[in-house]
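This report concerns only the one structure given below.
Position 1 is the first residue of the sequence; numbering continues from there.
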Amino acid sequence: MIDDKTHFIGVLPSLEIERIVESDRKWSEKYGCRSGHSTPIHVTLIPPFSSKKSTEEIRDIINGILPLLTPFVGKVDGYGSFGNRTIFLRVLPSEDWDNLSQVLAKGLRAMGESVKVDGKKLIPHFTVANRDIPPESFSFMLDKLSSHGFSSNFTVDSVALFHREGRLWRLREEDIIKIGM
């Protein structure tokens with residue numbers, strides 16, 4: 001089956017957080033985890049969607065939305081999981097995250113895009129491993145990562161518009177769009 005999703009929107013981590021997640025991903029590869037490691041580290045705001053518009057056209061829409069918003073501080077605190085399929089670095093949920101996601105979704109829908117943000121609270125996170133975690137390794141991996149007790153803050157002052165190239169998600173520098181500018 002061919003995936004027809006063309007774009008998604010996320011938030012990139014600080015350099016410190018990126019280094020931690022990259023290190024965690026590299027460590028998880030010893031257990032066979034590689035799924036998603038080719039995608040840049042991010043918090044998903046708008047999941048993958050299909051668009052007939054170019055990346056430039058979608059970027060223009062986002063550029064019209066983001067001046068209405070204010071940067072905020074994201075807080076990372078430890079590790080978590082979604083069942084036994086995904087291990088992630090936990091980003092604490094807040095109204096700021098929900099507002100950013102909802103305002104983007106509303107603006108994109110107003111311009112004819114079919115984005116799915118269903119009103120549920122966003123669970124922001126940086127994925128370490130997903131889909132290919134061996135069941136017998138899951139608890140060990142989550143316990144080992146959790147023992148690090150990592151916490152940090154980072155400024156959320158831009159969003160990133162990812163686009164699909166073949167089977168990979170790509171991000172160009174010009175598709176990192178400032179909030180509140």
When rounded to the nearest 0.5 angstrom, what distance separates NE2 in His7 from CH2 in Trp169?
8.0 Å

Approximate separation, where rounding is to 0.5 Å, of Leu12 CG and Leu171 CG
6.0 Å

Between Phe138 and Thr86, which heavy-atom pair has the shortest distance, and what is it?
CE1-O, 4.2 Å

So, taking the atom named CD1 in Ile17 and the one named CZ in Phe154, what distance separates them when rounded to the nearest 0.5 Å?
5.0 Å

Excluding sequence neighbours, so at least two apart, what forms side chain to side chain contact (heavy atoms under 4.5 Å, CB included) with Leu68?
none

Taking ring-ring contact (aromatic ring centres under 6.0 Å, His included) as the test, write out the residues that go with His125, two or more places apart.
Phe82, Phe88

Is the closest side-chain heavy-atom distance between Leu100 and Leu66 below 4.5 Å?
yes

Can you sort out the partners of Glu165 under side-chain hydrogen bond (donor to acceptor under 3.5 Å, both in side chains), two or more places apart, ordered by chain and number?
His163

Within the 4.5 Å heavy-atom criterion, are Val159 and Leu45 side-chain neighbours or not?
yes

Looking only at heavy atoms, the pair that brings Val156 and Gly74 closest together is CG2-N, 4.0 Å

Taking Arg25 for its side chain and Thr127 for its backbone only, find out whether a donor-acceptor pair lies under 3.5 Å.
yes

Can you sort out the partners of Arg90 under salt bridge (Lys or Arg N to Asp or Glu O under 4.0 Å), two or more places apart, ordered by chain and number?
none

Minimum heavy-atom separation for Arg131 and Gly36, please, with both atom names.
NH2-N, 4.4 Å

Using side chain to side chain contact (heavy atoms under 4.5 Å, CB included) as the criterion, list what pairs up with Glu95, not counting sequence neighbours.
none

Does any non-hydrogen side-chain atom of His37 lie less than 4.5 Å from one of Ser28?
yes

Tell me whether Ser101 contacts the main-chain N or O of Ile46 through its side chain, where contact means a donor paired with an acceptor under 3.5 Å.
no

Who passes side-chain hydrogen bond (donor to acceptor under 3.5 Å, both in side chains) against Ser94, sequence neighbours left out?
none

Side chain to side chain donor-acceptor pair (under 3.5 Å): which pairs involve residues 72-85, sequence neighbours left out?
Asp24-Tyr79

Taken to the nearest 0.5 Å, the spacing of Phe162 CZ from Ile176 CD1 works out to 8.0 Å

Report the C-alpha separation of Leu89 and Ile41 in whole Å, then their side-chain angles, then the decisive distance to 0.1 Å, and conclude whether the side chain to side chain contact (heavy atoms under 4.5 Å, CB included) test is met.
CA-CA 11 Å; Leu89 186 60; Ile41 297 163; over 6 Å; no

Among all residues two or more places apart in sequence or in another chain, which pass the side chain to side chain contact (heavy atoms under 4.5 Å, CB included) test with Ser137?
Tyr31, Pro134, Met141

Output the distance between atom CG (Leu161) and atom CD1 (Ile62), rounded to the nearest 0.5 Å.
4.5 Å

Listed partners of Phe72 passing ring-ring contact (aromatic ring centres under 6.0 Å, His included), at least two apart
Trp97

Residue Ile123 excluded, over 12 heavy atoms near CD1 under 6.0 Å
no

Separation of Ile20 CD1 from Leu145 CG (nearest 0.5 Å):
10.5 Å

Quick check against the 3.5 Å criterion: does Asp132 have a side-chain atom that pairs as donor or acceptor with the backbone of Arg34?
yes

Taking the side chain as everything from C-beta on, heavy atoms only, tell me whether Phe126 gets closer than 4.5 Å to Val43.
yes

May I have all residue pairs that pass side chain to side chain donor-acceptor pair (under 3.5 Å) and include part of residues 144-153, sequence neighbours excluded?
Glu16-Ser152

Residues in side chain to side chain contact (heavy atoms under 4.5 Å, CB included) contact with Lys53, at least two apart in sequence or another chain
Ser51, Glu57, Ile58, Ile61, Glu113

With sequence neighbours left out, write down each residue that passes side-chain hydrogen bond (donor to acceptor under 3.5 Å, both in side chains) with Asp175, or none if nothing qualifies.
Arg59, Arg172

Against Leu142, only a single residue in Ile87, Val128, Ile133 fulfils side chain to side chain contact (heavy atoms under 4.5 Å, CB included); can you say which?
Ile87

